[in-house]
There are 2 protein chains.
Amino acid sequence: MNHLDVFKALSNKARLQILQWLKDPEVHFPDQPGFESGVCVGQIQQKAGLTQSTVSEYLSILQRAGLIESTRVGQWTYYRRNEKAFLELTQIIQKDL
Amino acid sequence: MNHLDVFKALSNKARLQILQWLKDPEVHFPDQPGFESGVCVGQIQQKAGLTQSTVSEYLSILQRAGLIESTRVGQWTYYRRNEKAFLELTQIIQKDL
DNA sequence: AATATATATCGACTTTTTCCGATATACCAA
DNA sequence: TTGGTATATCGGAAAAAGTCGATATATATT
């Protein structure tokens with residue numbers, strides 16, 4: 001995990017918001033049935049009020065930082081939080097920062 | 001504490017480095033005697049290899065984010081870490097993020 | 001194969017950040 | 001009060017990030 005990339009990924013309002021939404025998918029994305037593998041891009045885009053390309057880009061920034069993971073199922077890509085990364089981040093802040 | 005400003009402040013290599021230096025001033029700034037109130041800008045600037053104006057600006061970004069504090073003594077401004085902010089940050093990541 | 005839908009990538013433009021040199025301000029010493 | 005040193009602020013050029021529309025790719029359906 002690269003500290004810098006993680007902090008950069010977190011330095012954006014929309015991306016922080018997305019992370020929070022993904023914490024409780026059933027609450028924030030009631031349209032979508034089943035959340036085992038995450039939430040699909042379209043749902044997130046709709047809620048974020050940004051274009052599809054922007055949201056797709058933001059999700060890949062979060063993923064490169066290790067904060068979320070994805071699974072492709074058919075034509076959908078489902079994104080979900082990687083809680084391990086958040087734990088690791090708090091440890092990094094306590095030790096390395 | 002504004003999450004976004006904190007993460008932005010942490011999204012820069014030099015600023016992260018400065019925070020780490022300030023963790024062990026006696027190790028990283030052996031020239032300066034006494035560290036109770038922190039390290040002065042000149043010492044940090046010299047070690048960072050950036051211009052005085054850049055370092056001064058970076059320190060004020062870190063300060064606005066709440067990550068460091070300063071005390072003016074004569075013509076020097078001494079900067080030191082605000083450890084409370086780092087603790088608070090780990091709690092924010094665990095709860096709000 | 002043709003069409004439709006979901007997502008990713010590309011190119012462009014705008015805004016923000018980085019980092020500098022120059023200048024201003026604050027304090028100290030003679 | 002004059003000059004010296006430390007820090008802060010200002011203005012700007014270059015690089016990076018934000019954001020879009022258009023296009024490409026992948027998958028599903030007919």
Side-chain angles (χ1 to χ4, degrees), chain A residues 2-19 21-22 25 29 31-35 37-65 67-80, chain B residues 2-19 21-22 25 29 31-35 37-65 67-80:
Chain A
N2 179 349
H3 311 192
L4 205 51
D5 285 345
V6 174
F7 291 130
K8 282 184 186 171
L10 295 174
S11 294
N12 178 281
K13 223 171 161 179
R15 288 194 296 263
L16 284 177
Q17 182 76 85
I18 290 170
L19 288 175
W21 288 337
L22 290 181
F29 304 95
D31 292 1
Q32 182 180 304
F35 297 102
S37 38
V39 181
C40 71
V41 181
Q43 294 279 317
I44 298 169
Q45 188 239 313
Q46 205 175 321
K47 207 169 164 68
L50 294 166
T51 61
Q52 187 272 320
S53 60
T54 298
V55 171
S56 178
E57 160 100 33
Y58 282 6
L59 289 170
S60 82
I61 289 172
L62 289 170
Q63 185 167 35
R64 272 198 302 278
L67 296 166
I68 61 177
E69 309 173 307
S70 69
T71 311
R72 180 107 197 194
V73 178
Q75 37 193 342
W76 294 275
T77 307
Y78 294 96
Y79 284 94
R80 60 192 173 282
Chain B
N2 178 349
H3 311 194
L4 204 51
D5 285 345
V6 174
F7 291 131
K8 280 185 186 173
L10 294 173
S11 294
N12 176 282
K13 223 170 160 179
R15 290 195 295 265
L16 284 177
Q17 182 75 83
I18 290 171
L19 287 174
W21 289 336
L22 290 181
F29 304 95
D31 292 1
Q32 181 179 307
F35 297 103
S37 37
V39 181
C40 72
V41 181
Q43 295 278 318
I44 298 169
Q45 187 239 316
Q46 206 175 321
K47 207 170 163 68
L50 294 165
T51 61
Q52 187 273 321
S53 60
T54 298
V55 171
S56 179
E57 161 102 34
Y58 282 7
L59 289 170
S60 83
I61 288 172
L62 289 170
Q63 185 167 35
R64 271 199 302 280
L67 296 167
I68 61 177
E69 310 172 306
S70 68
T71 311
R72 180 109 198 190
V73 178
Q75 36 194 341
W76 293 275
T77 307
Y78 294 96
Y79 283 95
R80 61 191 173 281

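Predicted model, so just to flag it, every value in this text is computed and none were measured. The chains referred to below are lettered A, B, ... by the order of the sequence lines, with proteins before strands, and numbering in each begins at 1.
If you measure from atom CG of A/Leu62 to atom C1' of C/dA8, you get 16 Å, rounded to the nearest angstrom. Atom P of nucleotide D/dA6 and atom CD of B/Gln46 are separated by 10 Å, given to the nearest angstrom. Here the P atom of nucleotide C/dT7 and the CZ atom of A/Arg72 are 7 Å apart, to the nearest Å. Counting to the nearest Å, the P atom of D/dT19 and the CG atom of A/Leu59 are 14 Å from each other. B/Trp76 has its CH2 atom 14 Å from the P atom of D/dA8, to the nearest Å. Atom-to-atom, CD of A/Glu57 to P of D/dT19 comes out at 11 Å; the value is rounded to the nearest Å. The NZ atom of B/Lys8 sits 8 Å away from the C1' atom of C/dT16 (whole-angstrom rounding). Here D/dG18 presents its P atom at 10 Å from CG of B/Leu4, a figure rounded to the nearest Å.
Map A/Gly49 and B/Ser70 each onto its nearest nucleotide of DNA chain D; the residue landing nearer the 5' end is B/Ser70.
The backbone N or O of B/Gln63 lies less than 3.5 Å from no partner atom in the side chain of B/Glu69, so there is not a single donor-acceptor pair.
Atom CG of residue B/Asn12 and atom CG of residue B/Leu62 lie 8.5 Å apart, to the nearest 0.5 angstrom. Put simply, CG on A/Asp31 and CD on A/Gln43 are 5.0 Å apart, with the number rounded to the nearest 0.5 Å. With values rounded to the nearest 0.5 angstrom, A/Ser56 atom OG is found 10.0 Å from A/Ile44 atom CD1.
In this structure, A/Tyr79 reaches the sugar-phosphate backbone alone: every heavy-atom distance under 4.0 Å involves primed, P, OP1 or OP2 atoms, never a base. B/Ser11 comes within 4.0 angstrom of sugar-phosphate atoms only, judged by non-hydrogen atoms across all strands, and of no base.
Relative to the side chain of A/Ile61, the nucleotides C/dC20, D/dT7, D/dG18 differ in distance, and D/dG18 lies closest. Distance from the side chain of B/Ser56 is smallest to D/dT7 among D/dC20, C/dA8, D/dT7. Candidate nucleotides C/dC19, D/dA6, D/dA8 were compared by shortest atom distance to the side chain of B/Leu50, and C/dC19 ranks first.
Side-chain contact between A/Leu10 and A/Leu67 is present, with heavy atoms from C-beta onward closer than 4.5 Å.
Put simply, B/Thr54 has a side-chain N or O that comes within less than 4.0 Å of OP1 or OP2 on C/dC20. Phosphate proximity of C/dC19 to B/Asn12: present, with a side-chain N or O under 4.0 Å from OP1 or OP2. For A/Tyr58, no side-chain nitrogen or oxygen approaches OP1 or OP2 of C/dT7 to under 4.0 Å.
A donor and an acceptor atom sit less than 3.5 Å apart, one in the side chain of A/Ser53 and one in the base of D/dG21. Applying the 3.5 Å distance criterion, the base of C/dA6 shares no donor-acceptor pair with the side chain of A/Gln52.
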